Every structure is written in C-alpha cells, then in structure tokens.
Amino acid sequence: MKSTEVLVIGGGPAGLAAAIRAGEAGAKVVLVERDDFLGGQLIKQTHRFFGSKREHAGTRGFKIADDLLAKIEELENVEVLLSATALGHYEDGVVTVLVNEKMQKIKADIIIVTTGAHEKFLPFENNDLPGIYGAGAVQTLMNVSGIVPAKRILMVGAGNIGLIVSYQLMQAGVDVAAIIEGSPKIGGYLVHASKVRRLGIPILTGHTIKSAHGTDKVERAIICKLDDKWQHIPGTEQELDVDAICLAVGLSPLVELLWQAECEMVYVPELGGHVPVRNDNLQTSVGGIYVAGDAAGVEEATAAMLEGELAGISAAHDLGYGGDPILEKRDQILTSLQVLRSGPVGEKIRAGIMKTRRGA
C-alpha cells in the first residue's frame, strides 16, 4: 500500500493547481490522472484567457498547462501517476487506483477530488448516428490529435464551449452551418459570440435539433423553433446539409467518489447537477476530503485553478504546513474567486454556491 499526506485525484487545471500549492507548502503529494498526460481541458484550449495577470490573462490554455507542468516537475515531493484511474473510496479511507492495469491501494491523510465533469447529451431522433460528437470529443480530435472532424457541422449550444469550439472549427477549415441554442439568449460571453458572428456563422436562439438523418453517418439535420415551454413549434423546421453534429449542451460534475465517501450532496442546477456540501475552504462534510474544479460545480478553467489552489493550501494548512503566510495566500485566493464571480456574469454561480452551504 502506498501512503501519502495528500492524494489529488484528477490532473486537470484544478488538480494541478492543488498539487502545486500543497507541494510548495511542503506536503507529500500523490497526483493520479486516468489519461496518459496531465492538463485536462487546458491542453485543448487554444484561446487566450481573460482576467488579470494572476489569472493568466492573454495566455492560451495549452500554454498554461505547460507552465503548470513545469512547476509540478520542480517539486520532488509531488509524485505523478499517469494512466491511473481511481476506482473506489472505502470506509477505512483507502482509495483503490488502477495504474497501468495493476491495482494499487493509496492511503492519504487528505484527499482532494478534482475529477472534473462529463458532457451532457440530448435526446433526438437518430442521435446514435456516426458523426454526432460531444464538444470535448471535437476539441480532442482537433487540438490533441490534429484530426478535422467534418467538412460542415451543426453546433448545438451557444454557451462558451459551443462558441469557442465553433471558432476553433472555422480556424481548422470546417464550415459551421449554424449555432443553435434552446434558450432565448446566448449563454456564453458576448466576446466569443462576436467572434463567430464576424465569421458569418448564424446564431439561432430559441432553436433545437429535432432529428439527424443519413444512411451510414450524418448527412443532414432538422432543426426547429421552440416555444416558451420548450416545445417544438410545428411548421418551423429547417433542413441543414451537414456531415457532423456537435453537442455543447452542458456538463455534469463527476462526483462518484464523493458519493462513495458518503459526503453530503445537494442538487444544484446552477452548478450542473449534484455537488458536495462544503465550507469556504472547499472541505466537504467528510473530514479530510476536499473538492475543487468542475467536480465542485461547473465553471471556467480559471475558477477551477483558483479552487485547486485554495484546496491545496487548505489541505497543507490542516497538515501543519505554512503557518500565517499560507493563511494570507488563502485569503488572497478567496478574494480572487470573489472578484471572478462578481457582477451579472457570476450571478448564477454565486446563487449555486450559496446552495452548497449546510442548511442553505
């Protein structure tokens, strides 16, 4: 059995930030990642980040991943296990991990769950045809594997992911027939919407996909308008000639390990689904278990990294590392998160986080 002070489960933006902060404070850390590479969604993100210099403003996602990986490599007290899938959390606090097809038991004083989220899907006729992708799969094909997924594609969802991936598709030479959004308003930032509109991509709000058609793969899609009760409006159907359909209709937190650990959970639509109840330092209702990133509630990568830092610093402090200086860093991160979530854009997230507090 392997022993460590801090076990971080998930090597995306939140997990990397948590491991770095806990490691810098002096804690012995094991970071496990089910893929054979670290970085998570960051390595798929070619756009420049917003915010302040501290929040990597003006830096592309894959470059941020490179910077975080360089910091991880400098920390001798941080061990990284790749191709390592956390399978279960047991009553004695042991986590079982499948590492390169071999079972490994890990016992940690503190566990930080940064497992991210999975993509949601949509029910519609023929939604199992080849050529129907989640947005994450499209980003992986283009930005990791260098494969163009289609010649002409329909994007379903006008949140940030749908808008950003549409722009990336156009950069790769793929024609985006349209972006459709069921809500009456665009869900993503207007700066992303403006970029795709300048490229001539129509954004149709109040629309959804009704069906996909093709013999062996997608050849066309039928879209239609929705009424204020989200029902199809007969007679509004449009047929689009496309060879692929990309679904960017939201994410749900991956929280199976937290359920197994019997953390108190609450359903919060604003955060994507079931998430754990936690305090300001991201400690769950089970002592010694923290959460950060999309597993705590679906947000942007910047928020995930800040939450990872917060969880890592809080874990290190609980173990007796850092003293007053580490508490000052924790306060600075809390302030940064508050600023990031301020204003109208962060209203939904703020409302969701309030529901994660015990008794809310």
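Keep in mind the model is a prediction, meaning the values are calculated, not measured.
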Is there a side-chain contact between Tyr321 and Val6 in this structure, where contact means two heavy atoms from C-beta onward sitting under 4.5 Å apart? no

Heavy-atom side-chain contact between Lys225 and Gln238 under 4.5 Å: no

With no hydrogens and no angle check, do the side chains of His192 and Ser194 hold a donor and an acceptor under 3.5 Å apart? no

Just verifying a value: how many Å separate His207 NE2 and Thr236 OG1, rounded to the nearest 0.5 Å? 6.5 Å

Can you tell me if Glu262 has over 12 outside heavy atoms packed within less than 6.0 Å of its CD? no

Is there a path of hydrophobic side-chain contacts, each under 4.5 Å between heavy atoms of I/L/V/M/F/W/Y residues, joining Ile164 to Ile245? no

Atom CG of Asp92 with >12 non-hydrogen neighbours under 6.0 angstrom: yes

Under 4.0 Å between a Lys/Arg side-chain N and an Asp/Glu carboxylate O for Lys71 and Asp67? no

Which other residues belong to the hydrophobic cluster containing Met155, where Ile, Leu, Val, Met, Phe, Trp and Tyr are joined when side-chain heavy atoms lie under 4.5 Å apart, directly or via other members? Tyr133, Val138, Leu141, Met142, Ile147, Val148, Ile153, Ile161, Leu163, Val165, Tyr167, Leu169, Met170, Val174, Val176, Ile179, Ile186, Val196, Leu199, Ile201, Ile203, Leu251, Val298

Can you hop from Ile223 to Phe121 via hydrophobic side chains spaced under 4.5 Å? yes

Verify the cluster assignment for Val291 and Leu254: are they in a single hydrophobic cluster under the rule of side-chain heavy atoms below 4.5 Å apart? no

Heavy-atom side-chain proximity of Pro253 to His274 below 4.5 angstrom: no

Do Leu87 and Val94 belong together in a cluster built from hydrophobic side chains that touch within less than 4.5 Å? no

Glu270 and salt bridge (Lys or Arg N to Asp or Glu O under 4.0 Å): which partner among Lys355, Lys348, Arg350? Lys355

Hydrophobic cluster membership, with links at side-chain heavy-atom distances under 4.5 Å among I/L/V/M/F/W/Y: are Val249 and Phe124 in one? yes

Would you confirm whether Arg357, through its side chain, and Val277, through its main-chain N or O, come within 3.5 Å as a donor-acceptor pair? no

Please tell me if the side chains of Val242 and Val218 come closer than 4.5 Å, counting only heavy atoms from C-beta onward. yes

Between the OG atom in Ser166 and the CD atom in Gln171, the distance rounded to the nearest 0.5 Å is 11.5 Å

Check Glu125, His232, Glu237 against Lys210 for a side chain to side chain donor-acceptor pair (under 3.5 Å) and give me the one that passes. Glu237

Looking at CG of Leu340 and CD of Gln338, how far apart are the two atoms once the value is rounded to the nearest 0.5 Å? 11.0 Å

Between the side chains of Thr302 and Glu300, does any donor sit under 3.5 Å from an acceptor? no

Are the charged groups of Glu309 and Arg21 less than 4.0 angstrom apart, N to O? yes

Salt bridge check, Arg341 against Glu307: does any charged N sit closer than 4.0 Å to a carboxylate O? yes

Is there a side chain to side chain contact (heavy atoms under 4.5 Å, CB included) between Glu79 and Leu81 once you walk through the steps? CA-CA 7 Å; Glu79 179 183 0; Leu81 300 178; 3.6 Å; yes

